Every structure is written in C-alpha cells, then in structure tokens.
Amino acid sequence: MTDEPVLEVRELRKEYRVRTSRAEAVPAAGSALLGHAVTRRERAGVLVAVDDVSFSVSPGQSLAVVGESGSGKTTVARMVVGLERPTSGTIMVSGRERSWRHVSSRERRRRAREVQIVFQDPYSSLDPRMSVRASLDESLRLHFDWTRERRDERVAELLDQVGLDRRQANSLPKALSGGQRQRVAIARALASEPRVLICDEAVASLDVSIQAQILNLLSDIRDATGVSYLFISHDLAVVRQVSDAVLVMRRGRVIEAGPTASVLSEPSDAYTKQLLAAIPRPGWKPTPSNS
Amino acid sequence: MWKVIGERAVSLVVTLLVASVGIYGALFLAPGNPATLLAGGHATPAVLATIERTEHLNEPFFTRYWDWLVGVLHGNLGQSFVYREPVTTLLAGRVGNTVFLVLYAATLIIAGGVVLGLLAALDRRAGAAITVLTSVGLGIPSFVAAIALITVFSVKLGWFPVFGSGTGLLSQLWHLTLPAVALAISWTAYTAQLTKAAVREELGREHVETARSRGISRRHVILRHVLRNAMIPITTVSGLTVAGLIAGDVVVEQAFGINGLGSFLVQSTLQKDFASVQAVSLILVATFVIVNGLVDLWSLVLDPRLRTGRA
Amino acid sequence: MATLEAPLVATPAPRSRRRPDWVVLSTGTVIALLVLMAVFAPLLAPDNPDYANILATNQGPSAAHLLGTDSFGRDLLSRLIYGVRLSLLGPALIILIATLVGTVLAILSAWYGGWFDRVVSRAADILFAFPGLIFAMLAVAMFGPGLVAPVVALSISYTPYLMRVIRAEALRQRNLPYVAACYVGGLSVRTICTRHILRNVMPLLVVQAALSFGYALVDLAAVSYLGLGVQPPTPEWGVMVSTGQSAILAGHPQESLLAGLMIVITVVAFNLLGDRLASRQKGTVRP
Amino acid sequence: MNVLEINHLAVELPVEGALRRVLHDVTLSIGPGEAVGLVGESGAGKSMASRAVIRLLPAGAAVHGDIRYSGDSVLAMDRAALRHFRTHDVAMVFQDPRAHINPVRTIGDFLLEALLERGERRDDARAAVIAVLAAVGVSEPERRLRQFPHELSGGLLQRVMIAAALAVSPTLLLADEPTTALDVTTQSDVMVILDARRRERGLAMLFVTHDLELAAAVCDRIAVLYAGFLVEDAPAGDLHRNLRHPYTAGLLASRPDPVAPRPRLAAIPGRPLSAFEVGAGCAFAPRCAFAVERCHLERPELRVLDAGRVACHRAEELAGQLALSPTPGGSE
C-alpha cells in the first residue's frame, strides 16, 4: 500500500506512577495484573505500561495488536483515542500530530471525526438512560449541521448498516441483547464517519455464534466504507480473521510484527509460538507454556 | 502495613489540628467583640479588660491559637467566665456520667444491633418482623424516645427515676438505663439494618458458595465466612454511629437532666460561655476523630487487602 | 474472558406498575398530606395556634379541642398542623443546599480528579469530624438561637456526606466505557457531566436526599428541643416536645408525645420511601 | 456402576416470585475415571446443571428428574448424607477463583478448612495440603499457606482452587469454566495440570465450558447443551469427523481458526435462546438452516446414533451434509 498512513504511532511510551493511596488498596476482582505489575516495576514507583511502540495503519488496512492481560495493548488504544496521555512518543492521524496540551472542545470534536472506538463490554458501553436513536442522534448533531429529517435518515442508514431492525431505534440498551448492543456501539462509532475504528476486545465477551456475526459485520463495514481498523485482542484466532497485519505485545513491548498470515503461520518469536500453541483448536492438547 | 498505619496517623493528627483551628477560630468569626463573647453574659468593662489581657486578644490569631493549643495539650482548657473557674475543673465532675452513658448505650447498640441484624438476615419470618421494627426504630429520635420512656416507665409505672445520674455503680446503672435505651434505639435499628444488609450480601457471595460446596457446616459457614466478612462493612460504618452517639448524648442528657458534658455544652451555648463551648466541642470532636482512627485500625486487622496500601 | 450472560428479556423497568407498590403509595401519601398541611395550615387548623386560654390548660380530647390543649390552653391540633411548616421547611432547605453543593463538588471531583479532588475530599474528611448537632451548636453559640444558624450549619455538615456518596457513584459512572465513548465522540465536558453523568447519578441522588431528609429533620428538631433553634411559642414539633415535657410529671404527656409522634411518622415515611427507591434501583442494575 | 447418572433433569428457579425454567431435559452419565465436557453458550443452563449435581441451587429452586451418585439419589440425601457427599465424594472448581475464595482468610485456612471439617488431624491435613499444592505446580507451598488470595496471581489462585478440590480425594470433579477468567497461556498451563492430575487419580470429571475445542482436548465425551436441552452427546474424538447436530456443526464453524482462516465465518443467525424462551418444537429450530415444519412443531427426543446420542429429527438425513455445507451466514 502506497497511501500515506492514516494512523502512525512512533516510539510511544506510557509510564504510571504507582501511588499508595487508600482508594486503590482493594484489587479489582479477577485482576490478573498483580503478578505482572510487580515484575514490571523498573524502578521504585514507576510502572512502564507501554514501551517504545511504533506502527502505522494505511487507509482501509486492518492492524491487530495482540497480547495477554498486562501487555499494554489496551493502553495503546486509549492513548490513540486521547483517553490517556502518552509519557512520550508521537501519534499522527492523517499526517497531523496530536498534541496533548490544551486540547479544546473544538479540537476534540475534529479528532472525533478521525478516530472512534468500540469497547469490550456491551453492557456498560452505552448510556443506560439513552435510547439507540438518541445515542446516534447526539453524535450526528454534534458533528454535522443537518436537519432533523436528514439525521433521522442517517440513523436509519446506520441501523441498516449494522444489521439492526429500525424498530429498535427507540429501545433502551437494557432491552437489547449483548450482540445487539455491540452493534449499536459500532453504529455510534461510525456516526461521525471516522477514518480509523479501534475495536478494543470488541468481540471478547460475546458468545461464539454472536462473535462470528460481529466479525462478519466488521468485515462488511470495512468493504463498504473503507475504514481502517486497529483491532485490539487477546485472541489470535479472531486476529487472524480480521487483520492484515499484526503486532504481538508482551509487557509493554512489541515482540513481533508483520503480515498476519506470515506471523501466525511461521512465528519467529518464542512467545508468539507459545501464544499460538495455547489456543484450543481441532486436535489440540494443552501444553505447558514455560513462562 | 506500618506505612499504611503511619499515613493514617498523620491524617488523623492533621484532621484534629484543622478541627481545633476551626473550633478556636469560630469565636473570631462570630459577630461582635470576642472579649464580649468570651465573657458570656457578664461583660462589665473590667471583665472585658481582664479578658483582653489574659487571652492576649491584641496579638495575631495564630499566636493566640498556639498559646491556646499548648494550654489544651497541658490540660488547660481555658477559663469559664460564667462560673469563673477553669473549664477543666467544671468538666471533671461531669465526664464520668457521659462516658458511662455512652458506653452503656454503645454496648446495647452493638449487642442488640448485630444480633437482630443477623437474625433478620438468616431467618425469613423473624426477618420480616425485625425489618418493620427497625424501620420504625430508625425514625425515633433520642429525645422523642426519652419522652416516651419517661412517660411510661417513670411516670406511669414508676420503675425508673425521672432525673439524675445516681452515684455508685448500681445506682448509676439504674439511673442511666432509660437514657441509654433512649440513646440506643435508633442506632440499634441502624446497626441491625446494616448488619442484615451486610450479612445478606455476604450470603450471596461466591466464596460462600464454595464453602457450601465443600460441605462446610452451616454454623462454620456463617461464623467463619459470612459474619467474619460482614464485620468489615459493619466496622467501617460504626464510625458514623460514634458521631451519632456523641450528638445524641447531648440531647439525652438534657432530656433526663443528667449532669454530663452534653448538658453542660447546652447550658454553655445558651449562656454564651464560649471558653466552655470551645472546650467541650473540642473534646467531643477529638473523641470522635480518635475513635474513628481506632475503627480504621481495626478494619486493617479485619481486612488484609487494606494492609498492602497498593493494588 | 468471561462470557456475559445476556438478560434475554429486559429486566422490568423500575417504574412499571404491574403491582402497585404499597410502600411507595403509603409513604408518598403521608408526605403529600404533610405538604398539603403545611400549605393550607390556616384552612385546616380549627383554631388559632397561638390563642392561649388559661382556663382550659392540659385538657384531654374534646369536641372543641380534638386532641386537647397544651399547658397554656392552646389547641394542640392547630399547633401540630402549623408546626408542619417550620418542621419541614428547615430540613428541606438543608437538603436542598447540601444536595446542590454536594452534587456540583462531587461531579467536578469525579471528573477532574487530581488536586481538586484531593482538596475536596480532604475538606470533607475534616468536616466529617464534626457531628452535625455539635456543628449546629457551635453556630448557635456564635450567632445566637433561631432557624438560620442551625440550618446553615447543618447544610454545611450534610454536604460532605452527600458529596461522598454521589462522588463515589459519579466516579463509577465516569469510569464506565460509555463515558469514554462520549469523550472520544467529541462531546464537551459539560455535556458529558450534565447530560450523561448527572442523569445517571440522579436516581441515587433522589434516594440519598430522601434518606437524609429524615436525619436532617431529627437533627433540626433536636436543636429546637434543646432550646437553641426556633424559640417558643412558635409552633414547631421539636419545640413542642420540649415545652410539653414539664407537664409529663403532672400526668399530661399529650403535647410532647403527639409532637414526637409527628416527627416519628414523618421520618419513618421518608426513610421507608428512600429505602424502597434504593432497592428498586438495585433491581435495575445489570444482572 | 456409573459415578454419576443424570436422568431427565429439569430445573426451575424463582425469578420475581415466579418459577422460571433454566433446564428442560438433561440425561447424562459419567463412568469411573471418565471426563465429560458440558458445552453451551450463555443461557444454555450448563452452570445450573453442574450446580444441581451438588445441590448448590439457589433457595426456592424446583428440581425434577433424578441425579444419582454411585447409585444413591443426590436429591433424596438428608443433611448428613449431603455433607458426607460434599466432603468426601465430590469437589468443585469454580470459574473465578478471586471471587470464589474468601479474600480475608489465608490460603492455608482455605485449603485446610475442608479437611479439618471432616475431622482430620491438623498436622496430617497440613502435610496433605502441602503435597497437593506441590502437585499442582505451586512453588514454595509452605509460604503460600500464609499468604492471602490478593497476593497471588489469577493463574496461581486457580491452581490453589484445584489443589483444594484434589485435597479431599474425591471420586467426581466438577469444573465450572475453570480457565475462562485466565489468559490463554495460563489456561494452557492450568489445563495441563488439571488433566494430568485427574488422569493419575482416576477421577471422573464434569467439565463445563463454552469452548468446544478446549472440552474436546481434555474430555472423553462432549455433551452439548442448547437452551436447557441436551442436544448431542458424542465421543470427543468423533466431534469434527462426524457432525450430527446442526447446532454443534454451527458452533464449530463459527469459531475462527488462527492457522487456517476462512474468508467468511459461518455464523449461526440470531442469538442463543434461554431455556424459558423456547416454544413447542426443537429449541434450535428458529436458528437452524435445516429446520423443516416438523422441527417447529415437535420436540426431538435424544436418541442413540452411531457412537453417541443426538436430539434432531433430521440427524440421519443430514449426516455428511453438515460438514460440507455450513449454515449460511446471517444476522440477528
């Protein structure tokens, strides 16, 4: 691909200061992070979540970032959309560098038309008190100077595009199933017509049969709109299905990168091999990972 | 763990200092001449002059505050201008009654509240009755309870004295039973509701399911898993109960004519005996802060997750 | 990754009226009646609450005085009805001020975090060290008895409590992905805080306001009872409990007991309503 | 004799005052030392089935049918018999060890509790627990006993849970999604240990999971649940070679493969139904590409076919077709 990259990230780094405040004393249930957190402390009080990560995404390309919990993959996604501030490094979108000082509301609005995100948990990623239509309309009103009729039309279009029934426009999230909610979240992200859509474990909490539907949907959307994907996942099988290129991360660092097909067919790094060997598939037997 | 304790000790001292500045400074925020306020209702020019001299009213605020604080730390709580005596002397005879009353009530609250709450959570039928009882109990302020108890048990039945605090342990117990009950009613109800909620919550926890799946007897499940873990929220909130007891004590002492810190605070407030108000407020606030500090420490003992100080 | 169990039929909406909720209905009725009594006191009261008749003191219930008279021969029913006004106005003001200030501080703290949050939380911790009643007494010592000083003092002392509860919920909302989606979607901070966070915190806010109302009423009545708030002969329940106390020994407990009963009924109504609203809300949280 | 026999198990749970069906019809047996995978999507009732075996259902649940452990009816057990069953014969490993182990008590308390409960001497119990911790690959077992759950990583904590289950030397192991909360490499590590220790000790196992491939790798037989019905029961090795039920075929086709990708996944249309939502006919009929009129009207019985059992009216005619033509893709 010769096009100018739509998203380019260079030497991204994120450090967290480890605080000892009372509020953080109780670990989140199910958090497997603890074990890694201790080993990754490079010096007292500083935790390096993302260390020297660079990549670029061309228009229409799908790049996957894969890793286990604590790998820093989600932090990368959050920095790209502006939810976290990088400690150092640059993020360029459509050739423009994103600065972190005094981002005005207007600038954020502009950036919202470049990159959007879909989160993992379909139950908490929609405002529980807002109907599907209101959610989509809020975004359309913010980004486009359209009449009410035009916006209604566009809401219907978006619902069609993500495979939702138009009658569901007036539903509140709680009346929808997990898969349907995830479709709404995708429609909301598409409403501002972004060039890059980040999927942060977007299919991880769905049932297998629904997961397949959403993966097919994402592929259809890419064909129809030419949007680029940054696909964050822990699941190499899913990554193989949706991405052209892949970045394997571990403990904040990129340990292997390349075209998805070749990385997954002939992994060169030992950890990638381990990761691949750990996925249950026909004829598979569990093996120790020696980590 | 020691680091966490240290941090909390520091924050306790800071809270106490700021609170004392607030209590001492309140006098200077009040409208009018501080000397007049300090003198209460006895403001002859001669008295005012004395006060300005003894209280160093012409010096900067923090100098005076410092002097006062040093005095307080040495056990000198200032001079009451109503009684013309050191506040410490005035309080000496009264502290005993208050401490007795509050501890008496606290015992009733802890014993009654936890037992009722546990019963309500574990037994469906008793639960419904206790829930009604605690809902009403929670709405009975201590002074209303006092009036009702006096009407029934002192006036109608004549079982308990109407006023006073008695001398000697038995007499004190007899005199202070109604006040302690009046003070305890709404907080017992509160503790019972809290215990019920905490126990119910723990009963539904996954680790309790694990214990049941392993064939642990019901008694052990309740004691070692449900009650043990429910103690954590109950302890945390008991700090609030202490605040309620301190405030309630003031009202109940007044209702039963008990000569303690609370009724003294009310009198001093009405007489504008500011040195006394300052002293008693400081004692009550300090008690509350320190007890809460102890509660905090106790929850460190109960909950190992809090000890690391870092997730 | 955990597979989420999808609720396949939506959990019923909290306001669904399949079965009438008798707790909400009855407590709501009691509260509505009290408000009506406060508004229409002059029409409802059979007598002038301040008219004393020394010839008819401490009478029992009769046709002329449905609930009897107090130790000055004033009609008790009328005094109780007029008493609703101040007895409700005070706590209403306290809760209104504390909720407004508390909510603004809570949402700003939750959103901005950092030093602002630390300062607000620290200040709340320190204010927490003053039990409300002690704070009110300090205020009375400074500014003299009346309604204003205790109401202001109690407003200040209820603010950190409401602030903490709301901040915790606002912080929880702020960390949910839907808020992140709003932010990434380009919505302004003000829009996110008001249209999304505040709206989702609102149910909790209503519950807390209802529950705190009872406590505020008790605290304020206690101040009056101690003689530090509204002064006799103004009809107010706390004052009436106090002025009636001397007649108890003479065998006439009606004034104290009736005023006390009004307080209990009101507080219980608000508490039950708040509890019920709270438990209904829990039902709407995702399974 | 079979270790576990479940006959026409149906379960209803109280939801807002009314009973709601969570399991319709499950018939299943596990022989000594045999591992059976119970596989299904959310709402299928797989967790409820495993909990019913150990009588761990919420209060007010209605259970129909029969569950027998070594011939004894579990549902008929009195208090003492149930305790004996739970302390000696069966052990359960839960999904989320962080929630399923009391956070305020030490690992030692947790591991020893069950042994002390049945009257073992403290020293013996301690020695046994240390040995079993070592057997599941927990380093420094003696130090671990003094630690609290929050000081251990998720993978380590799940090993502790497995150790707790093994420590009581049960005959039957119930594992409810034991690795779902873990990372893939950790899952692999934990499964290696669970599988090896189970085989060594000759334990029978009911392995509940949403992951067909994972179940196939560690189990002898696979039972597939859909909306509270057992729809297929087949030898694990036979699963990919011999597709019998359209739902199982659909599940296998939905899952992407990391090495051999498909241009497009064969998604099953619609969403998985919960037990209480199903109508008169076959529960899967509304989503099934092969459904005919009969499927919508008449409930298929579970019947023997080849080496397994299947509940599908058209199982015989579809044999061979299923593998070749995956169900057409669709949406909800």
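Below, chains carry the letters A, B, ... as their sequence lines are ordered, and counting in each starts from 1. Note that the coordinates shown come from a computational prediction; the quantities given were computed from them, not determined experimentally. When reading the values below, keep in mind they use all heavy atoms of this one structure, side chains included, and skip hydrogens, waters and symmetry mates.
We find the CE-CG distance between M137(C) and L270(B) to be 7.5 Å, quoted to the nearest 0.5 Å. Note that NZ of K156(B) and CD1 of I248(C) are 9.5 Å apart. Values are rounded to the nearest 0.5 Å. Taken to the nearest 0.5 Å, the CG atom of D125(C) stands 6.0 Å off from the OG1 atom of T15(B). Between the CG atom in L249(C) and the CD1 atom in I150(B) there is a gap of 7.5 Å [rounded to 0.5 Å].
What you find for L133(C) and A247(B) is that their closest heavy atoms are CD2-O, 3.3 Å. Of all non-hydrogen atoms in M142(C) and K272(B), the two that sit nearest each other are O-NZ, 3.8 Å. When all heavy atoms of F288(B) and F128(C) are compared, the pair lying nearest together is CE2-O, 3.0 Å. Residues S256(C) and I147(B) come closest through the heavy atom pair CB-CG2, 3.4 Å. Nearest heavy-atom pair across T269(B) and A141(C) is CG2-N, 3.8 Å.
By the 4.5 Å heavy-atom criterion applied to side chains, I23(B) and F130(C) are counted as neighbours. Between L265(B) and I134(C), some side-chain heavy-atom pair lies under the 4.5 Å cut-off. Side-chain atoms of V18(B) and R122(C), non-hydrogen and from C-beta on, never get closer than 4.5 Å to each other. Side-chain contact between L138(C) and Q278(B) is absent, with no heavy-atom pair separated by less than 4.5 Å. Side-chain contact between F135(C) and V285(B): absent, with no pair of heavy atoms (C-beta onward) separated by less than 4.5 Å.
Counting non-hydrogen atoms of neighbouring residues, nucleotides and ligands closer than 6.0 angstrom, the OH atom of Y65(B) exceeds 12 such neighbours.
At a 4.5 Å heavy-atom cutoff, the contact between L138(B) and chain C is made by backbone and side-chain atoms alike. Heavy-atom distances place no part of A146(B) under 4.5 Å from chain C, backbone and side chain included. The parts of A221(C) that come within reach of chain B are both its backbone and its side chain, each placing non-hydrogen atoms under 4.5 angstrom from that chain. For D219(C), no part lies near chain B; criterion is any non-hydrogen pair under 4.5 Å. The contact between V155(B) and chain C is made entirely by side chain atoms (from C-beta outward), counting heavy-atom distances below 4.5 Å. With a threshold of 4.5 angstrom between heavy atoms, V266(B) approaches chain C through its backbone and through its side chain.
Residues of residues 257-272 of chain C having a heavy atom under 4.5 Å from any heavy atom of chain B, listed by number: L257(C), G260(C), I263(C), V264(C), V267(C), V268(C), N271(C), L272(C). Contact annotation for residues 144-169 of chain C against chain B (heavy-atom separation below 4.5 Å, listed by residue number): G144(C).
Most heavy-atom pairs under 4.5 Å with chain C, from the set A148(B), A19(B), G244(B), A255(B): that is A255(B).
Aromatic ring pairs are classed by plane angle as parallel below 30°, tilted from 30° to 60° and perpendicular above 60°; the pair Y215(C) and W187(B) is tilted.
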